Structure formats: structure tokens, C-alpha cells
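Scroll down for the structure; my scribbles are underneath it.
Worth saying up front: this structure is predicted, and the values here are computed from it rather than measured. Naming: A, B, ... by sequence-line order, numbering from 1 per chain.
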Amino acid sequence: MLLASLPLLGLPLAGAATTEAPTQEPGSSGEPPPGLALFRWQWHEVEAPYLVALWILVASLAKIVFHLSRKVTSLVPESCLLILLGLVLGGIVLAVAKKAEYQLEPGTFFLFLLPPIVLDSGYFMPSRLFFDNLGAILTYAVVGTLWNAFTTGAALWGLQQAGLVAPRVQASLLDFLLFGSLISAVDPVAVLAVFEEVHVNDTLFIIVFGESLLNDAVTVVLYKVCNSFVEMGSANVQAADYLKGVASLFVVSLGGAAVGLVFAFLLALTTRFTKRVRIIEPLLVFLLAYAAYLTAEMASLSAILAVTMCGLGCKKYVEANISHKSRTAVKYTMKTLASCAETVIFMLLGISAVDSSKWAWDSGLVLGTLFFILFFRALGVVLQTWVLNQFRLVPLDKIDQVVMSYGGLRGAVAFALVILLDRTKVPAKDYFVATTIVVVFFTVIVQGLTIKPLVKWLKVKRSEHHKPTLNQELHEHTFDHILAAVEDVVGHHGYHYWRDRWEQFDKKYLSQLLMRRSAYRIRDQIWDVYYRLNIRDAISFVDQGGHVLSSTGLTLPSMPSRNSVAETSVTNLLRESGSGACLDLQVIDTVRSVRDREDAAMHHLLCGGLYKPRRRYKASCSRHFISEDAQERQDKEIFQQNMKRRLESFKSTKHNICFNKSKPRPRKTGRKKKDGLANTEATNGKPLRDLGFQDTAAVILTVESEEEEESDSSETEKEDDEGIIFVARATSEVLQEGKVSGSLEVCPSPRIIPPSPTCAEKELPWKSGQGDLAVYVSSETTKIVPVDMQAGWNQSISSLESLASPPCTQAPTMSRLPPCPLAAEEPQPPFDLPYDPRPSFAFPPSLAKAGRSRSESSADIPQQQELQPLMGHEDRTHLSPRTANSHWCIQFNKGGRL
Amino acid sequence: DPKRCSCVYFEVDLNPTCRLLGGSASLLRLYHRFRALDRNKKGYLSRVDLQQIGALAVNPLGERIIDSFFPDGNLRVDFPGFVRVLAHFRPVDDDDSGMRDPKQPEPLNSRMNKLRFVFQLYDLDRDGKISRHEMLQVLRLMVGVQVTEEQLESITDRTVQEADEDGDGAVSFLEFTKSLEKMDIEQKMSIRILK
């Protein structure tokens with residue numbers, strides 16, 4: 001078994017592989033199994049899906065390869081390349097397997113490959129444009145297709161009568177008409193593939209493309225009618241049958257459209273109630289659209305028309321009902337499926353052409369068909385356009401007509417239909433197959449290749465994309481209403497009148513029925529444009545990195561001219577003095593005694609407008625806000641701050657973006673605290689000797705990004721089990737908590753949580769900055785503060801810690817502070833640890849007493865045990881800071897080192 | 001043919017009116033419509049005559065469009081006046097734009113005149129500017145009731161800001177045309193039957 005399967009692995013093509021598998025498999029399965037097989041090869045069980053997956057994979061890989069070169073894809077349409085690839089692959093398969101294994105099966109094509117493409121084109125059809133040109137589209141689709149079919153069929157028959165087609169092609173007039181009907185239809189897949197790359201103007205595109213979609217009904221009817229006539233034999237066809245044929249045109253087309261609309265209605269209605277099961281929304285879209293296709297197919301109505309109408313009809317309501325994520329999912333899945341199907345179709349077309357057993361060549365027929373389809377297409381377009389232009393506001397000019405004639409590409413639909421012919425009833429089937437293949441290849445490859453240069457050469461108006469503006473949207477609505485009103489006044493019930501009627505009906509009944517109440521508002525078009533513009537603004541902010549705003553609209557506390565309070569505050573003095581050790585105690589004293597209120601104001605200002613990276617960077621290098629390293633980080637934060645403000649200014653978007661008001665803050669403060677502690681304690685540990693090293697350590701900490709810091713701190717945690725551990729722990733915890741909610745950090749508005757002035761703030765000005773100011777004060781001042789002043793300094797440290805400490809502790813230092821220093825400001829529970837029931841925060845009593853350790857969490861119990869004695873010291877430190885100071889600090893210094 | 005034009009109406013010389021439209025066929029159509037709207041056969045239309053058109057009543061801009069038929073506080077509009085308003089919506093003919101005598105005033109269906117017609121629908125106080133308040137009123141008509149007043153205000157602000165170039169908080173006619181310069185006004189503000 002294994003041996004038999006080895007060639008399968010070795011062969012590059014699954015197609016070749018399958019040829020061998022069946023021959024070997026029966027023999028091996030006939031024998032009784034020799035025992036428990038260690039390894040069993042079950043190719044046949046997975047063959048079908050495996051091959052499908054492989055084909056798609058090959059097609060996708062080919063697509064990737066094509067797009068590696070921009071030059072190639074800009075010159076050659078992808079469809080051409082795929083067909084050529086198919087030819088090559090088919091040739092390989094043929095060479096290896098000696099017979100053509102694969103071809104485009106009509107069943108597969110109509111049931112699986114075609115629906116996604118049609119759904120995609122129907123769903124994303126610009127409906128306004130489509131209905132604006134509906135008259136022209138319908139004319140070309142119905143009259144044009146009929147014209148093409150009959151003239152081509154009749155002309156080929158004439159050709160045969162004239163003796164230009166070899167007599168071995170046995171075909172009657174009916175046979176030729178049947179062939180004409182299948183070869184005449186412009187193919188949506190081919191048109192889409194080629195025209196999407198050409199970018200002609202919207203009107204031209206929608207006319208050609210709309211025609212290719214809508215002519216399906218005509219093609220189906222013509223094909224079926226002719227086919228049944230052929231099967232009946234021309235002698236048995238009676239007049240009533242012709243009438244039935246005409247009637248079936250209406251049944252098939254209108255029936256197909258009706259099926260599509262019914263399913264569109266169902267789909268829209270269903271999505272109205274998916275609020276709690278958002279996850280199945282995309283699935284519903286595909287399921288119901290596919291159901292529409294199958295239903296129409298089942299009733300032998302026009303399935304393409306059904307899916308087109310379904311997509312066209314449901315889009316407005318579905319898009320309004322489903323969530324934003326579902327919208328994206330629908331869009332991408334649809335595009336993926338359609339592109340996948342298209343790729344496979346073209347590749348299989350190429351592969352199918354290799355199979356020479358299926359076709360027979362006749363030059364007269366092939367050349368005649370090629371000539372006639374081109375000629376009659378052009379003639380038909382010119383004639384119809386002439387008639388249409390009598391009624392069109394904007395006539396289609398000659399260049400448009402050339403492109404329309406030339407853009408009449410034939411494709412896989414024709415091929416699938418010709419394969420479906422019954423050879424016993426249509427003896428010339430093989431000739432028709434060959435001709436169809438040539439026609440399809442000619443139109444897709446030759447016309448597809450040349451249409452781009454042609455469009456360029458003729459200077460066809462290209463589609464121009466300009467950004468939507470609110471004014472345009474508003475005025476367009478105005479125009480619509482004005483035109484409808486003018487038609488009313490003139491008394492002519494034309495297009496604008498009926499469109500207006502429809503819109504009012506839609507607004508009054510349909511939208512009410514099919515849209516969620518909450519979604520109804522959002523789908524107002526003007527509102528929609530407004531919303532999209534805002535989104536675009538936001539995106540452009542990201543692209544610009546917020547530079548524009550950072551230079552204009554910001555209140556930078558660091559700009560002295562902006563704020564006199566900032567100028568006089570201690571932070572500013574620190575900033576001006578830079579990292580040098582020029583700060584003397586006098587300054588601190590002054591600030592402490594005089595500028596309490598200023599500093600409190602400063603605190604609020606900072607909370608609102610200060611950016612972490614800038615501030616931190618300044619601490620190490622004053623005046624230069626932006627360093628290369630911190631750039632990105634700063635941009636992000638500046639952007640966030642800006643967006644807060646902007647988003648607040650249009651609060652109306654609230655229902656789309658949920659504000660996250662409080663969470664990011666604790667994270668910040670937590671971090672600051674940690675740094676503050678690290679700095680202060682580190683510096684305190686070895687007062688003067690190691691200053692240089694510790695200072696740099698602090699700086700490193702501050703400029704690092706969040707993630708790095710986080711990992712850093714966790715590293716610290718692993719390495720040392722003393723002093724600093726709890727600090728790091730607390731930080732990572734807080735960070736994590738911030739992370740959970742951090743995804744919407746953009747949204748929170750800055751003023752929603754005005755930091756309430758705390759008692760600590762009133763007492764000690766540097767606490768007002770929630771510790772972050774104190775960081776610098778402390779790190780700087782330690783350098784100059786005399787050793788005997790360190791007692792006072794330690795007080796500030798301990799009070800700093802109180803920021804991170806629960807208010808309930810009995811530590812004497814705490815008595816300085818009122819029972820609830822900053823807890824009110826911090827919505828996060830972790831800081832209220834003693835009350836926190838979580839087991840991870842259960843401390844040994846001694847630890848719990850030492851207030852500062854409460855932020856230490858579930859670090860290993862042994863560690864805590866080790867720490868206990870130290871904590872005891874800490875406790876004493878609080879009681880009498882002066883005496884126990886050195887010991888206390890050393891502990892922290894150990895931990896604080898990185 | 002002016003002869004035909006003058007014969008359908010008996011009080012006024014219709015030659016200039018006829019010139020407003022492309023041909024007598026549409027003039028004849030408008031004349032019949034005018035007679036149909038003029039219920040008491042009084043030879044002119046009053047506001048009420050236009051208000052009775054059912055669909056116009058539900059049109060958000062209906063009242064303003066009726067107003068445009070009665071400029072300068074007039075209470076009645078005669079047939080030439082009626083045609084003059086509707087002539088704005090005649091499709092632009094490529095032929096006559098090239099052959100047009102430069103001395104003659106711009107035809108009513110030129111791009112500028114079409115735009116001016118729309119602009120006047122916005123500019124209620126006729127001060128040549130669409131103020132923020134006027135924009136808000138239009139938007140309220142267009143956007144519908146589902147959007148809150150607050151949201152409407154922000155849309156208005158944005159709309160005005162978008163078009164406002166000189167920063168006076170209002171949209172002048174020049175700014176108005178600029179905001180629409182990419183749009184095919186000739187096509188969007190035309191009705192085929194008036195050809």
C-alpha cells in the first residue's frame with residue numbers, strides 16, 4: 001500500500017497521481033489485511049476534497065507568482081495568464097497520464113464556481129449607478145443578446161449553405177441557432193476579470209457589466225428553448241412552442257428576479273434579529289444567497305439573475321444590520337470566494353482546452369464564428385446605442401460604443417453550456433466545442449490583452465475616484481429632491497419621480513421593517529459620509545503620526561508660555577536644571593510651602609496633557625522633547641491624547657465606539673509608581689557612591705517601551721527575591737490590567753475623570769503628580785540632599801509608597817495621610833488589597849502590616865517568607881525612618897538593580 | 001419656430017420664452033401643464049396651485065422649490081416665469097454652447113445658473129452666503145429625524161468647514177461652486193423631457 005502510494009507523493013500533480021491510484025488500489029484492497037497496519041494510506045477517502053484543495057492551492061500560488069512582477073500583471077490580464085497556466089498544466093497532465101483527467105465540469109461550474117462570482121458582483125454592485133442606467137443595461141442584455149444569438153446562428157447557417165463550412169459539420173439551422181444562443185452571451189466572469197483592470201468610467205463599466213449579468217436570463221431561455229427544439233426535431237415544433245418560448249423568457253427572467261428579491265427580503269429580515277449571535281451573520285448572507293441561487297436553478301429560472309437581485313436588494317439592509325466586523329468578514333469572504341472561483345475557472349478553462357478528444361476542428365466554422373460574433377456585436381451595439389441615445393440624457397458616444405463592442409467577452413458560461421450539449425442530438429457538438437474554446441480564448445486573451453491599450457489610445461474617460469465630501473453628498477441629495485420636485489411640477493413621471501417614490505416607500509416601510517432601530521440612523525447616507533470622513537481623519541492621523549496636531553492643537557505643559565503655573569512649578573525648575581545636580585533644597589522648600597495650589601493645578605494639567613515619553617525623556621535630557629528612540633511611542637501617545645479630544649468633540653459617534661473611560665489611568669499611575677519606587681529606593685540605598693550607575697539605570701527604565709519594561713520587571717522578579725520584587729510585580733499586574741482594557745485606549749476622553757485633589761496632594765505638592773513628579777524630584781534631589789536631610793526625604797518616599805499602599809495600614813507614616821489618600825482616584829481594585837478576597841494577595845500578617853508591601857502579590861510564598869524579616873525592618877523604617885533607613889534602602893537597592 | 005410659440009399663448013409674446021427652451025415641443029408640454037395646474041383659469045399660478053401637487057408636499061425641499069417660482073415676494077407666476085424657472089433644468093446641449101453668441105447672457109441651463117438655482121434654495125435670506133444656520137436647516141430637512149440635534153450640529157459644522165475657504169463660517173457662492181467642481185452638474189441637474 002505504501003509502495004503504491006509513493007508515486008503519489010512524488011508526483012507534482014495530483015492529476016497525474018489519480019491516474020495511478022485507481023489501478024493499484026483494488027488489488028491491494030482485495031487481499032486480506034496482513035495484520036495491524038502500522039501505516040495506512042487512504043487516498044480514496046480524501047481524494048475528492050483533496051484534489052479540490054490542491055487545485056485551489058495551485059491556482060492561488062500561480063496568482064501569487066503572477067503578481068510578483070508588477071510589470072507582467074499591468075500588461076497582461078490575470079485571466080489570460082491563468083488560461084495559459086491551465087494550458088500548460090493540462091499539457092503536463094496529458095503528457096503524464098496520456099489522457100486528459102480534468103476539465104471544467106458544467107455541474108461544478110454552475111453549482112459551485114459561478115455563484116460566488118455572481119454574488120460578489122451583485123452584492124457590491126453600485127446600485128445607484130446600476131439603476132440610473134437600467135434602461136440601457138436591459139436593452140443591451142435582452143435585445144442585444146437576442147440579436148447576437150439569432151444573427152450569429154443564421155449567419156453561420158448561411159456560411160454552411162454557402163459551402164464554406166466543411167460538410168462533415170452536420171448541423172441544421174436549429175443547431176446553429178442553438179450554438180448562436182450559447183456563444184452570444186457576454187460572460188460576467190470574463191468581463192469582470194478584464195474590466196476591473198481597465199478602469200473605464202463608471203457608466204461604461206456598469207453598462208457592459210450589467211449587461212453581462214442580466215443577459216443570463218436570455219441566454220438560459222434561448223439555450224433551453226433551442227435545445228428542446230433540437231431535441232424535438234425541427235419538424236415537430238409548432239407555433240405554440242414559439243409562443244411558449246417567448247413566454248418563458250418572461251417567466252425565467254422575472255421569476256429569477258423575484259426569487260432573488262424574496263431571498264433578499266428574508267436575508268434582510270433575518271439579520272435584523274442576529275444581535276446576540278453576531279458570529280453567524282456572515283454565514284447567513286452566504287447561505288441565503290446560495291439558497292436563492294439553488295432555488296432559482298431548481299425551478300429552472302435564471303439563477304444568475306436571482307443571486308444578482310438578492311445581493312443588490314439585501315445589501316443596504318444587511319450592511320445596516322450586521323456588525324462592523326461581520327461586514328468586514330462578509331466583504332473579505334465574498335471577495336476571496338469570488339477571486340478563488342474566478343481563478344479556478346480560468347485555469348480549468350485552459351486545462352479543458354487540452355483535451356483534444358472532445359473537440360474537432362473546422363477552420364471555416366471557427367473563423368466564421370469569430371468574425372460573426374465580433375461583427376454582429378459591434379453592429380448590434382451601434383444600432384441599439386443609436387436608439388438609446390434618443391432617450392438618454394447623456395448620450396453614449398462613439399468611443400463608448402467601440403469599447404462596448406470590443407468588451408463583449410465570452411467565457412466559461414459558454415463553455416459550460418456547450419459541454420452540456422447532447423452529442424446524440426447535436427451531432428456537430430465536437431465542432432461547436434472547439435469553436436467555443438477558440439472564441440473564449442480569443443476574446444479573453446486577445447481582446448483582454450488589447451483592450452487596455454485600446455482604452456488608452458482612444459482616451460476613453462477613465463473612472464476618477466475622488467474622496468467623498470459632505471458637501472457633495474448633501475448637494476447630491478438636494479439635486480435628487482429638486483429633480484423629483486421639478487418632474488412633479490412638469491407633470492412628467494420619469495425616473496426621478498419613481499426613484500423618489502421608491503425612496504419614500506423604503507423609508508416609511510421597508511427600512512422600518514428590515515432594519516434594526518439602532519441601525520436605521522446610521523445608514524442615513526449623509527450621516528454615513530460624515531462618519532466615514534471622521535474615520536478617514538482618524539486613519540490619516542495615524543499615518544501622520546500625529547505630528548500635525550502635536551505642533552498645533554496641544555496644550556503642552558512644557559511650553560512655558562502656555563502656562564505660568566507650569567513655569568513656576570517645581571517640575572519646570574527641575575526641567576530647566578536638567579539632569580545636573582544644581583537643585584537645592586531651598587527650591588523644594590519654597591515649593592512645598594508656597595505653591596501648593598499651583599502644584600495641584602499643575603497636577604491636573606499634567607494628568608490631562610502630559611505625555612509619558614516626553615516627560616520621561618525630559619527628566620534625563622531637558623528641553624529636547626523628542627528623541628529618536630522615543631519617537632514612535634510618543635507619537636502613539638500624542639495621537640491617543642488627540643483622539644480623545646477629537647472623539648469628545650463628536651460625541652455622536654458614541655454608539656459606535658464605546659468609550660473606555662477609566663482604565664488606562666491606573667496603569668499609568670501604577671507604572672509611575674513602580675518607577676518612582678525603583679528610582680528613589682535605588683538611589684537611597686547607596687546614597688552617594690553608586691549614584692552614577694543608579695542614575696543611568698533609572699534613565700534606561702524610563703525610555704524603554706512598555707513591553708520591554710514589563711519583561712524587564714519580570715526578569716527582575718526572577719533574579720532577585722528582595723525589596724524591589726513587589727514593585728515589579730505590582731507593575732506587571734497593573735500593566736496587564738491595563739492591557740485587558742487597553743485596546744480602546746484611543747477613546748477615553750481626558751476630562752471625564754478629573755483627578756480629584758487628594759489630601760496628600762494638599763499636603764505634599766509632589767504627590768499631586770501621583771508620584772511621577774516625585775520621581776524626578778527624588779532622583780535629582782538625592783544627589784544634593786545632605787545625608788541628614790534624608791529623613792525628610794524618606795518621608796516623602798514613604799508617602800510616595802502610600803500611593804501604592806492601601807490606606808488601612810497601621811504604619812506610623814501613614815498616619816500623616818488621611819485614611820484614603822488616593823484610592824478614590826484609582827478605580828482599580830488591586831490597590832485595595834487588604835479588602836481583596838483574592839488568595840494571591842493573602843499576606844502574612846507582618847507583611848500586611850507593612851503597608852507598602854501590599855502591592856506585592858502572589859510572588860512565591862518562600863520568597864515572602866524570606867522577605868518577612870526584611871519587611872519587619874521596613875516596618876521599623878516607617879516607625880523611625882532615620883534609624884532604619886540604611887538597612888531598608890539596601891534591601892531595595894538590591895532589588896532595584898537591573 | 002416662434003410663430004408656433006406665440007400662437008399657444010395669447011397675452012405675452014412668447015418668443016423669448018420659447019428661446020429659453022430648446023424647442024416648441026417641450027414648451028407646448030409645459031403650457032398644457034401650466035393650464036392644468038391653473039385650476040381657476042386665472043392665467044397665472046399661485047402658491048396654492050403648486051402646493052396641491054401631491055408629491056411636492058412630501059418632498060423635503062418642496063416648499064423651497066415652490067418659493068423659487070415666486071421671487072421677490074410675488075404672489076403669482078405667469079407662464080414665462082414658470083418656464084424660466086424650469087428652463088434651468090434643460091439639458092446642456094453641446095451644439096449651442098459652441099455657437100452661442102458671447103454677447104448674450106449665459107443661458108439659464110448653464111452650469112453656473114443651475115448652481116445658482118440650487119444655491120438660492122439654500123440661501124434663504126439671500127445674502128449671498130449659506131450661513132451655518134441655513135446649512136443646519138437644509139441638513140435637517142435632508143438627514144431626517146433619526147439623527148439627534150447634537151449630531152446634526154456637528155455634521156453642519158463639518159459641512160461648512162469643508163466648503164468654507166475664507167474662514168467666515170459661511171459658504172459663499174464661489175465656495176459653493178468649488179465644492180461641487182468635480183461633479184457633473186450639467187448631467188445631474190437636467191431633465192431629459194425639457195430638451
Is chain B contacted by the side chain of A:Y495, its backbone, both, or neither, given a heavy-atom distance below 4.5 Å?
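It is neither, since no heavy atom gets under 4.5 Å.
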
Measuring heavy-atom distances to chain B, does A:E473 have an atom under 4.5 Å in its side chain, in its backbone, in both, or in neither?
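Contact with chain B involves no heavy atom of A:E473 at all.
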
Apply the test side-chain contact (heavy atoms from CB on, under 4.5 Å) to residues B:M135 and A:N471: give CA-CA distance (whole Å), side-chain angles for both, the deciding distance (0.1 Å), then the verdict.
CA-CA 10 Å; B:M135 190 68 95; A:N471 277 285; 4.0 Å; yes

Atom [atom1] of [X] with >12 non-hydrogen neighbours under 6.0 angstrom:
X	atom1	result
A:R128	CZ	yes
A:F391	CZ	no
B:K42	NZ	yes
B:H133	NE2	no

Verify side-chain contact (heavy atoms from CB on, under 4.5 Å) between B:F89 and A:V489, making sure each step is shown before the conclusion.
CA-CA 12 Å; B:F89 300 96; A:V489 170; over 6 Å; no

With no hydrogens and no angle check, is any side-chain donor or acceptor of B:N59 less than 3.5 Å from a backbone partner on A:I482?
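Answer holds: no.
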
Go through the steps for A:H492 and B:R29 under the test side-chain contact (heavy atoms from CB on, under 4.5 Å), then give the verdict.
CA-CA 10 Å; A:H492 169 83; B:R29 171 197 278 276; 3.8 Å; yes

Check each atom of [X] against the heavy atoms of chain A and say whether the ones under 4.5 Å are side chain, backbone, both or neither.
X	result
B:L121	side chain
B:I155	both
B:V58	both

Could you walk me through whether B:Q151 and A:Y530 satisfy the side-chain contact (heavy atoms from CB on, under 4.5 Å) test, starting with their C-alpha distance in whole Å, then the side-chain angles of each, then the deciding distance to 0.1 Å, before giving a yes or no?
CA-CA 10 Å; B:Q151 291 165 341; A:Y530 174 69; over 6 Å; no

Looking only at non-hydrogen atoms, find the nearest pair between [X] and [Y] and report the distance.
X	Y	answer
B:S179	A:Q472	O-CG, 3.7 Å
A:L393	B:I191	CD1-C, 4.3 Å
A:D488	B:R33	O-NH2, 2.8 Å
A:H481	B:L61	CB-CD1, 3.8 Å
B:I65	A:A485	CD1-CB, 3.3 Å

Taking atom [atom1] of [X] and atom [atom2] of [Y], what is their separation to the nearest 0.5 Å?
X	Y	atom1	atom2	result
A:L533	B:E162	CG	CD	6.0 Å
B:L139	A:H477	CG	NE2	10.5 Å
B:R64	A:T478	CZ	OG1	9.0 Å

Contact winner vs chain B - A:D480, A:D132, A:V490, heavy-atom pairs under 4.5 Å
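Option with the top pair count is A:V490.
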
